[in-house]
Amino acid sequence: MSNVFSFTGVIGKDAEVRYLSSGQAVLNVSVANNVGFGDNQKTNWVRVALWGKRAEGNIKNYLVKGTTVFCSGELTLSEYKTNDGSTKTSMELNANILDLVGKKPDTQPSQTAPQNNHNAAKSNGYAPPPVHDYDDSIPF
């Protein structure tokens with residue numbers, strides 16, 4: 001059987017690349033995925049890992065906070081105890097696919113940028129992703 005989990009989400013913290021003692025590279029990024037709507041909306045955080053040569057490439061420069069990504073791969077769930085003694089579950093994805101959706105978020109607003117999203121979509125054919133106000137307290 002195959003365990004494949006696919007989702008789209010927003011990066012909560014810039015990607016980091018580390019090297020194991022074996023020399024293999026691993027890129028880690030935390031991705032938020034909203035489920036439900038209105039008062040029933042919940043944010044699930046998934047830690048995504050990309051391994052090997054794909055982790056060493058230039059993709060790290062594009063995996064920055066606020067970027068929307070599509071992720072697909074093998075999902076694992078891990079339980080851990082918090083400082084207050086409660087048990088939490090962590091979702092981790094070993095990614096086979098990690099694709100950018102849309103464009104890299106602007107670090108500074110453009111002086112010539114249209115004032116509203118509707119005009120931006122008309123002028124350049126791209127409708128920017130919705131602005132999410134995620135706090136920086138990622139649970140892992």
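Across Tyr80 and Ser90, no two heavy atoms sit closer than the pair CE2-CB, 3.8 Å. Shown here for Ala32 and Thr43, the closest heavy-atom pair between the two residues is CB-CG2, 3.7 Å. Listed here is the closest heavy atom pair of Glu79 and Thr87: OE1-CG2, 3.9 Å. Between Val29 and Lys13, the closest heavy-atom pair is CG2-O, 3.7 Å.
Screening Val10, Ile11, Val31 for a side-chain contact (heavy atoms from CB on, under 4.5 Å) with Thr67, the sole residue that qualifies is Ile11.
Residue Asp84 places its CG atom among more than 12 non-hydrogen atoms of other residues, nucleotides or ligands, all under 6.0 Å distant.
Two different hydrophobic clusters hold Leu27 and Trp51 under the rule that ILVMFWY side chains link at heavy-atom gaps under 4.5 Å. When hydrophobic clusters are built by joining Ile, Leu, Val, Met, Phe, Trp and Tyr residues whose side-chain heavy atoms come closer than 4.5 Å, directly or via intermediates, Leu77 is grouped together with Val46.
Taking CD of Glu16 as the reference point, atom NZ of Lys60 lies at 8.0 Å (rounded to 0.5 Å). The structure places CD of Gln24 at 14.5 Å from CZ of Arg18, a figure rounded to the nearest 0.5 Å.
In this structure Phe5 satisfies the ring-ring contact (aromatic ring centres under 6.0 Å, His included) test together with Phe7, sequence neighbours excluded.
Inter-residue side-chain proximity for Leu63 and Leu98 is flagged as met; some heavy-atom pair is nearer than 4.5 Å. Taking the side chain as every heavy atom from C-beta outward, Arg47 and Leu93 never approach each other to under 4.5 Å. By the 4.5 Å heavy-atom criterion applied to side chains, Val26 and Leu50 are not counted as neighbours.
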Name every donor-acceptor pair, under 3.5 Å, that has one atom in a side chain of residues 69-76 and the other anywhere in the protein, sequence neighbours excluded.
| residue | atom | partner | partner atom | Å |
| --- | --- | --- | --- | --- |
| Ser72 | OG | Ser6 | OG | 2.7 |
| Thr76 | OG1 | Glu92 | O | 3.4 |

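Of the possible polar contacts, none joining the Asn34 side chain to the Gln41 backbone as a donor-acceptor pair under 3.5 Å is found.
Under a 4.0 Å N-O distance rule, the pair Arg54/Glu56 does not qualify as a salt bridge.
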